[in-house]
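Whatever order the structure lists them in is the order used to number ligands and atoms, beginning at 1. The basis for the numbers below is simple: all heavy atoms, side chains too, and nothing from hydrogens, waters or symmetry mates.
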Amino acid sequence: MTSPTPLLRILSLGAGVQSSTIALMMANGEIPPADRAIFADTHAEPAEVYRHLDRLLPRLPFPTDVVSAGDLGAEILAATAGAGRNDARPPFYVKNPNGSRGILRRQCTGDYKIDVIRKRVRELLGVERGRRVPADVMVTQVIGISLDEAGRMKVSQDKWQTNEYPLVDRRISRWECERWLAKNWCERFGYPMPPKSACVFCPYRRNVEWRRLRDEAPEDFQRAVDIDRAIRSPGYGRLVGECYVHDSMVPLELVDLSTAAENGQPNLWDDECDGMCGV
Ligand code: SF4
């Protein structure tokens, strides 16, 4: 039996380095173009990500749908105040009463990224809520994962959708994306390198990223500090432990974010954070 021909080719636009590279390679004719891109907005990205989107979207030869399940930061704050949903949760670190470390189950990626993109694709296909996508319909979702992150590739859970990873297929690493962008984006248009895209309070950040946020985007860092303080409200997440955004389980404004080298230790790794949810 032959597979149905894809009806729709969607770029899942995270607005970071990798998906921006794909979008611009599509614009350059180096990758077959998408019919449209979809950006799932948590309303919690650093301001620089939104500035980057303002520059990027007019350069693309296809439309971009900006979809959203709401303001993730506002939902978290509402939950800490005992209002609203209490399950819109990033994988915050939890200090248990015995001092051990736990981590919350990640709910945010599914609710604020995957589900809203899936909902928009179904709308584009004209499939009503609760109805099955017809067997002869196939969608390709193009995803920005680079060769160095190939372990994050997944098979789509929807039978009507296939995932495509053009950077992995072309053996392009994140570093090569940055080199390509330096020439085709920064030099050509005079724009800065696309920033990392991730919610300002995303606990997946490593120190290098927290430090960059603190030093280069103090307002975004303050938003993360505010969320970090708020999630220690009794009752947040119906937990007995205390939540933190930083894996040291220290309040974010008190964390020592100095580099290993600054502490007199050898810097063995370039502790770069992938900063994305894997959508
Ligand atoms: S960037 Fe982090 S906090 Fe934001 S949706 Fe993804 S995993 Fe959750």
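- Ligand-side atoms of ligand 1 in range of Cys108: 3 (S), 5 (S), 7 (S), 8 (Fe), range being under 4.0 angstrom from any heavy atom.
- Counting only N and O atoms by type, the side chains of Tyr50 and Glu48 include no donor and acceptor under 3.5 Å apart.
- Among residues two or more places apart in sequence or in another chain, the ring-ring contact (aromatic ring centres under 6.0 Å, His included) test is passed with Trp160 by none.
- The atoms of ligand 1 that sit less than 4.0 Å from any heavy atom of Cys199 are 1 (S), 3 (S), 4 (Fe), 5 (S).
- For the residue pair Thr140 / Glu164, no side-chain donor-acceptor distance below 3.5 Å is found, with atom types taken as modelled.
- Side-chain contact between Val67 and Lys119: absent, with no pair of heavy atoms (C-beta onward) separated by less than 4.5 Å.
- Inspection of the Tyr112 and Asp41 side chains reveals no N or O donor paired with an N or O acceptor under 3.5 Å.
- Atom 2 (Fe) of ligand 1 has an N, O or S atom of Cys202 inside 2.8 Å of it.
- Residue Arg106 approaches ligand 1 through these ligand atoms, each under 4.0 Å from one of its heavy atoms: 7 (S).
- With ligand atoms numbered from 1 in the order given, ligand 1 contributes 1 (S) to contacts under 4.0 Å with heavy atoms of Ala198.
- Shown in contact with Thr109 at under 4.0 Å from a heavy atom are these atoms of ligand 1, numbered in order with element: 6 (Fe), 7 (S).
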